[in-house]
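Only one structure is covered here, and it is reproduced in the block below.
Reminder, nothing fancy here: chain letters follow the sequence lines and each chain counts from 1.
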2 protein chains.
Amino acid sequence: MAVDAFAVLAEPTRRRILDELRRSDSSVNELVEALTVSQPTMSKHLKVLREAGFVSCRTAAQQRIYRIETRPFEALDEWLKPYRELWTRHLDALERHLDNLEY
Amino acid sequence: MAVDAFAVLAEPTRRRILDELRRSDSSVNELVEALTVSQPTMSKHLKVLREAGFVSCRTAAQQRIYRIETRPFEALDEWLKPYRELWTRHLDALERHLDNLEY
DNA sequence: GCCTGATATACCTTGACAGGCATATGCCTG
DNA sequence: CAGGCATATGCCTGTCAAGGTATATCAGGC
């Protein structure tokens, strides 16, 4: 995982951008209108997201169409894995416990 | 998910603390020695983690034994869910494609 | 009750980062 | 190639969080 993926996601506006892009690819202006932030602010957030690999963009005439990329999310999922075991193991133990109660 | 869970995880030292606690519960001093940070810094990070629910602690004599908590990780997992679908769907499509190639 | 060890907090300084405004760049159309 | 959108960047300012040092709290043993 890019070392600073969490820092990138720490910004609420950036999470809203990703949330929006998850639904559909969008131009910068569409995002500006959807999230009610200034255009320069949007461009800056998109730059951060782009450099961290969360989004990519293609040029369409004068517009830049941004698109969500899954790689960093997969990395996050991977990071979460060992922690996930902590609670799934607990659940397994609980299941076994409940199973035992049935006897 | 606590609104600022990502901000909490954005700190590398805090991630190392969680990594350490995932292995075993530890006192503050054990963590200080394991991660080579000053004791006040450690206490501050632990406070942040505690307030965000990532860890809990019990008192044992003069020591505080910290322990990892799974709840915020489950919330993170939950947040990740819709994004996870993005790439699993892609994988499914790939599988179908490969299956088709077999004919 | 005092001393010591373990941990928490207060205060200060510093650096990173977000947003606002102005401006630059890039691309299309006439 | 001029003018107009769409987007990016530069500069400035305010905010906030992290780490360092000093100090406070708190529990146990003598």
Is [X] reaching over with its side chain to a backbone N or O of [Y], donor-acceptor style, under 3.5 angstrom?
X      : Y      : result
Y66(B) : I17(B) : no
E51(A) : V48(A) : no
Q63(B) : I65(B) : no

From [atom1] of [X] over to [atom2] of [N], roughly how many Å is that when rounded to an integer?
X      : N       : atom1 : atom2 : result
E30(B) : dG5(C)  : CD    : P     : 18 Å
L46(B) : dA8(C)  : CG    : P     : 7 Å
R50(A) : dT7(D)  : CZ    : P     : 12 Å
M42(A) : dG19(C) : CE    : P     : 10 Å
Q39(B) : dA18(D) : CD    : C1'   : 15 Å
L9(A)  : dC17(C) : CG    : P     : 14 Å
E51(B) : dA8(C)  : CD    : C1'   : 12 Å
L49(A) : dA18(C) : CG    : P     : 10 Å

**Report entry** Residue matched to dA16(C) through Watson-Crick or wobble contacts both under 3.5 angstrom
**Finding:**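 Checking every strand shown, dA16(C) finds its partner in dT15(D), with both distances under 3.5 Å.
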Distance test, side-chain N/O of [X] to OP1/OP2 of [N], below 4.0 Å:
X      : N       : result
T59(A) : dG26(C) : no
N29(B) : dT7(C)  : yes
K47(A) : dA8(D)  : no
R64(B) : dA8(C)  : yes
T41(B) : dA18(D) : no
H45(A) : dG19(C) : yes
S38(B) : dG19(D) : no

Report task. Choose from dC21(C), dG28(D), dC11(C) the nucleotide whose nearest atom is closest to any side-chain atom of K44(B). Result ->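 Among the listed nucleotides, the one closest to the side chain of K44(B) is dC11(C).
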Query raised in the report: F73(A) vs F54(A) aromatic rings, parallel, tilted or perpendicular, using cut-offs 30° and 60°?
Result: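 Answer is perpendicular, since the angle exceeds 60°.
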Query - Under-3.5 Å donor-acceptor pair between E11(A) side chain and dA18(C) base - result: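 For E11(A), whose side chain was compared with the base of dA18(C), there is no donor-acceptor pair (under 3.5 Å).
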**Report entry** Residues R22(A) and D19(A) bridged, charged N to O under 4.0 Å
**Finding:**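 Salt bridge: yes.
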Query raised in the report: Between Q62(A) and P40(A), who's closer to the 5' end of DNA chain D by nearest nucleotide?
Result: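 Final value for this comparison: Q62(A).
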Report task. Could you pick out which residue, Y66(B) or A61(A), lies toward the 5' side of DNA chain C when each is mapped onto its nearest nucleotide? Result ->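 Of the two residues, Y66(B) wins.
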